[in-house]
Amino acid sequence: MSLTREQMAQRVAQELQDGFYVNLGIGIPTLVANYVPDNMEVMLQSENGLLGMGEFPTEDTIDADMINAGKQTVTTVKGASIFSSAESFAMIRGGHVDLTVLGAFEVDVNGNIASWMIPSKLIKGMGGAMDLVAGAENIIVTMTHASKDGESKLLSNCSLPLTGKGCIKKVLTDLAWLEIEDGAFVLKERAPGVSVEDIIEKTQGKLIVPDHVPEMVFA
Amino acid sequence: MSLTREQMAQRVAQELQDGFYVNLGIGIPTLVANYVPDNMEVMLQSENGLLGMGEFPTEDTIDADMINAGKQTVTTVKGASIFSSAESFAMIRGGHVDLTVLGAFEVDVNGNIASWMIPSKLIKGMGGAMDLVAGAENIIVTMTHASKDGESKLLSNCSLPLTGKGCIKKVLTDLAWLEIEDGAFVLKERAPGVSVEDIIEKTQGKLIVPDHVPEMVFA
Amino acid sequence: MAGFDKVVASYEEAMTGLEDGMTILAGGFGLCGIPENLIAEIKRKGTRDLTIVSNNCGVDGFGLGILLEDKQVRKMVSSYVGENALFEKQLLNGELEVELTPQGTLAEKMRAGGAGIPAFTPQQAWVRQLQKAKETKEFHGREYLLEEAIVGDFAIVKGWKADRYGNVIYRHTAQNFNPLAATAGKITVVEVEEIVEVGELDPAHIHTPGIYVNRVVLGTFEKRIEKRTVKSAE
Amino acid sequence: MAGFDKVVASYEEAMTGLEDGMTILAGGFGLCGIPENLIAEIKRKGTRDLTIVSNNCGVDGFGLGILLEDKQVRKMVSSYVGENALFEKQLLNGELEVELTPQGTLAEKMRAGGAGIPAFTPQQAWVRQLQKAKETKEFHGREYLLEEAIVGDFAIVKGWKADRYGNVIYRHTAQNFNPLAATAGKITVVEVEEIVEVGELDPAHIHTPGIYVNRVVLGTFEKRIEKRTVKSAE
């Protein structure tokens with residue numbers, strides 16, 4: 001069985017460490033905040049200018065002046081700070097964020113990522129994604145392993161315009177946890193009930209399959 | 001009679017305009033603050049990170065954490081703001097300060113200024129002076145017309161290492177008010193009782209003397 | 001005090017001097033902290049052929065989006081412009097030009113413009129795919145793009161509170177690009193929800209010192225929410 | 001919460017990891033807002049061959065000046081070093097190297113170091129007289145120097161109040177270079193006068209967000225005044 005969005009978020013959350021400053025992109029990455037283990041705390045950075053993003057507000061406390069980078073209304077946690085977008089990207093570009101989680105259209109064996117533009121469709125813009133992947137040492141990409149048409153998103157070479165070059169080392173798909181090493185995807189874990197063969201079939205880029213590929217474990 | 005330090009400050013203060021943001025260097029420039037006309041207000045910028053510097057504190061209100069760029073204890077006026085040195089020099093470098101007044105060792109006919117270093121003596125450093133003269137459109141240099149040995153400080157070419165290049169247009173000495181135009185000093189006003197001949201004698205750089213050179217007027 | 005009194009009586013006065021073909025820097029992120037009444041005044045004024053530097057271009061019918069209705073905008077410099085059907089139409093028609101700029105670079109370009117720093121190297125050089133033949137420099141074994149600062153003929157800014165000297169504070173994440181745009185306008189206009197007495201703002205809390213601000217105008221704000229998300233009842 | 005608790009119990013712990021030959025960025029302007037106890041700890045520790053980036057080098061017997069007494073400093077990067085006889089002596093003896101940097105450039109170099117911007121152009125090129133063969137670039141008809149960012153192995157910072165997460169505010173003009181140094185240390189240590197509860201500092205008033213800070217230590221401060229100027233009795 002391929003992972004649900006919630007399971008994907010849950011698996012990413014296993015990579016968190018106590019005291020991590022984390023930037024979560026739109027979509028599945030946002031859900032990671034719901035699965036922070038009880039015995040640790042992370043602070044969420046939102047690139048519009050907020051460190052210490054909290055949960056959504058109630059109807060009573062909603063405030064148009066308090067949003068995240070996805071333009072959703074949010075709250076702050078205790079110990080939060082708010083600053084300009086220049087300061088926010090100083091944090092990001094300067095490598096101060098411990099972990100960035102974001103979605104993608106494609107990732108390739110050289111750690112390239114394409115996530116912002118599909119030519120022939122309209123160009124909406126890259127927002128902060130290019131800055132985020134350039135500034136982070138530690139990035140997890142979350143996406144489905146293949147498109148709805150069954151085409152692999154784990155490629156030898158990204159076909160779309162890049163968001164970042166040589167910056168991705170970890171990918172979580174609905175089928176597998178993979179790490180990128182020496183020009184290949186290395187299959188580290190598979191989703192419960194998903195066979196290695198299925199993953200091989202749906203991976204276009206070079207894939208290294210160790211002798212033993214454990215199933216993911218969810219608490 | 002050559003001007004006193006107080007008269008020099010008084011003459012410079014005549015160049016102030018209501019609403020000017022002004023940076024005053026150490027020495028005579030600092031005294032300018034005492035002669036702001038009653039019908040106008042200026043705000044003093046201090047490059048360590050203060051806009052809206054006030055007068056010296058009393059013994060009771062002195063505070064080691066409230067100093068100006070000359071490291072003197074000061075106060076703030078209403079409407080002051082305090083910020084980092086990077087923000088302070090953003091203001092300065094970005095041309096947001098309306099007037100900078102500073103002392104110098106030498107000025108030349110090309111608007112060059114030397115104010116920070118005398119080789120063979122110890123190099124103490126330029127502090128903020130280079131940034132100040134580079135960022136300001138409107139600079140007044142205050143200095144004695146000649147050294148104690150009688151050597152002119154208004155030169156064809158500065159002999160000392162420069163603080164700024166081609167940036168000075170106005171000079172007030174103890175003898176004269178001069179403006180720099182097209183590679184020459186233009187004598188605009190003379191100190192009360194000082195003769196044009198005396199100024200000519202003490203000016204080494206090219207000096208243009210109009211037919212009528214009025215005496216400075218002090219209120 | 002007259003010399004430091006930046007308060008103007010009307011939005012018309014606030015935008016005096018804006019002319020066709022000018023460049024405007026605008027604060028705001030999405031619809032949060034946008035100078036909504038200053039934008040409306042530009043629409044009323046009918047100024048055309050504008051270059052607008054803003055992270056986003058509003059939505060259909062609100063924010064900068066309303067300037068598209070009468071085709072007042074020639075070019076947008078933005079990081080993300082995906083919320084606007086009219087924008088898409090004019091872009092495809094060739095009636096509108098867009099210069100996409102990564103968000104962090106855009107923020108830093110405004111800051112550099114205000115700070116008198118003509119150029120800096122925020123991004124690695126492969127980003128060049130986006131750009132016309134920019135120069136690159138190598139640092140620490142990586143190639144970087146040399147990016148140039150942006151300044152505007154006008155900066156339009158949304159503050160929370162200001163005093164008559166033009167000292168401004170922003171509310172929550174409505175800060176975003178506003179203090180950056182504020183530094184980089186030849187004429188910087190700030191509209192605010194409240195004008196307070198000079199001296200009321202703590203010097204250490206001021207986000208935009210008055211030295212950057214030319215005009216302050218008092219307004220009332222719709223503050224439309226782009227994505228209303230609330231906690232489910234527990 | 002343990003992961004964000006930056007408070008350490010002693011100055012010794014605060015400076016753990018400092019080794020001979022390292023580069024230290026220090027906040028402070030003159031003797032105002034200097035990390036006086038962290039400097040004293042470096043003296044106690046006896047670490048040598050240090051490069052120190054700080055606007056000034058204290059005075060004889062106080063501030064960074066005390067690190068000269070046992071010749072712990074190999075090189076100073078500063079804008080003004082004129083208040084220190086021992087400094088002068090060591091410089092003339094060739095025991096100490098100094099790299100003079102204009103104050104605004106020094107501030108911006110620290111900011112750039114923290115912000116991941118390897119280079120920028122703050123100064124016109126003739127300033128090159130000061131420097132060893134730096135590269136220049138032309139913008140708007142003027143030649144500018146390409147200056148590189150500074151990062152430190154350690155940054156030592158003096159704050160007013162901090163919470164356990166490392167959020168810091170500075171008092172009055174003791175802010176100066178402190179928030180800039182704080183962003184650019186591989187290990188940033190902040191000593192403060194008071195540690196407050198998390199949540200007590202208003203998010204909009206925080207000068208240095210905790211993300212930049214590794215260690216916080218509580219101290220007491222002499223706060224020596226360099227030039228005591230008071231208003232004459234009226």
Side-chain angles (χ1 to χ4, degrees), chain B residues 26 30 46-50 53-76 80 82-94 112 116-117 121-135 161-167, chain D residues 27 29-33 55-57 76 78-84 87-88 91-92 98 100-112 122-127 129-130 160 170-180 207 221-234:
Chain B
I26 294 168
T30 300
S46 193
E47 63 265 29
N48 51 323
L50 169 60
M53 178 170 66
E55 53 190 356
F56 293 148
T58 61
E59 282 289 354
D60 290 345
T61 60
I62 200 164
D63 188 329
D65 289 336
M66 188 69 91
I67 68 167
N68 66 14
K71 290 150 193 166
Q72 298 170 313
T73 46
V74 295
T75 59
T76 56
I82 295 173
F83 32 79
S84 77
S85 298
E87 182 66 45
S88 183
F89 282 93
M91 286 176 191
I92 289 167
R93 202 189 299 106
N112 298 329
W116 74 277
M117 178 195 179
K121 299 198 182 182
L122 184 69
I123 304 171
K124 289 179 188 295
M126 69 295 287
M130 283 189 174
D131 310 275
L132 278 161
V133 298
L162 297 185
T163 310
K165 206 165 174 178
C167 56
Chain D
F29 176 85
L31 299 182
C32 181
N55 191 61
N56 313 94
C57 190
M76 285 295 305
S78 302
S79 87
Y80 189 80
V81 290
E83 312 293 350
N84 203 310
F87 190 98
E88 183 170 345
L91 188 61
L92 294 172
V98 63
L100 290 174
T101 304
Q103 192 174 338
T105 297
L106 187 64
E108 195 67 19
K109 273 171 169 276
M110 289 189 190
R111 180 187 178 274
Q123 283 274 333
Q124 289 181 49
W126 63 265
V127 174
Q129 66 181 21
L130 299 172
W160 178 25
Y170 304 95
R171 189 164 173 278
H172 302 334
T173 60
Q175 183 172 163
N176 57 59
F177 283 83
N178 280 300
L180 312 170
H207 294 124
F221 298 84
E222 176 184 338
K223 292 197 189 180
R224 194 180 293 186
I225 292 176
E226 198 162 345
K227 293 186 187 164
R228 174 180 285 267
T229 46
V230 293
K231 199 161 56 166
S232 49
E234 278 165 14

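Throughout, a chain's letter reflects where its sequence line sits, starting with A, and its residues are numbered from 1.
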Most chain D-contacting option - heavy-atom pairs closer than 4.5 Å, from [options]:
options                    : answer
B/Ala86, B/Gly127, B/Ala69 : B/Gly127
B/Thr58, B/Ile82, B/Asp65  : B/Asp65
B/Gly49, B/Gly128, B/Ser85 : B/Ser85

_Heavy-atom pairs under 4.5 Å with chain B, option from D/Arg171, D/Met110, D/Arg224 with the top count_ = D/Arg171
_Option that, when pairs with chain B are counted at under 4.5 Å, heavy atom only, ranks first among D/Gly27, D/Ala174, D/Pro179_ = D/Ala174
*Examine whether an atom of D/Asn55 lies under 4.5 Å from a heavy atom of chain B, and if so say whether it belongs to the side chain, the backbone or both; otherwise answer neither.*
neither
*Spell out, as yes or no, whether a donor-acceptor pair under 3.5 Å connects the side chain of D/Asn176 to the backbone of D/Cys32.*
yes
*asked:* Please check: side-chain N/O of D/Thr229 versus main-chain N/O of B/Thr73, any donor-acceptor pairing under 3.5 Å?
replied: yes
*Out of curiosity, D/Gln103 CD to B/Asn48 CG, how far, rounded to the nearest 0.5 Å?*
7.5 Å
*For B/Lys71 and D/Asn56, work out which heavy atoms get closest and say how close.*
NZ-ND2, 3.3 Å
*For B/Phe56, is it the side chain, the backbone, both or neither that has a heavy atom under 4.5 Å from a heavy atom of chain D?*
both
*Portion of B/Ile62 that has a non-hydrogen atom of chain D nearer than 4.5 angstrom*: side chain
*asked:* Quick one, D/Leu106 and B/Phe89 - any side-chain contact, counting heavy atoms below 4.5 Å?
replied: no
*Ion pair present between D/Arg111 and B/Glu87, side-chain N to carboxylate O less than 4.0 angstrom?*
no
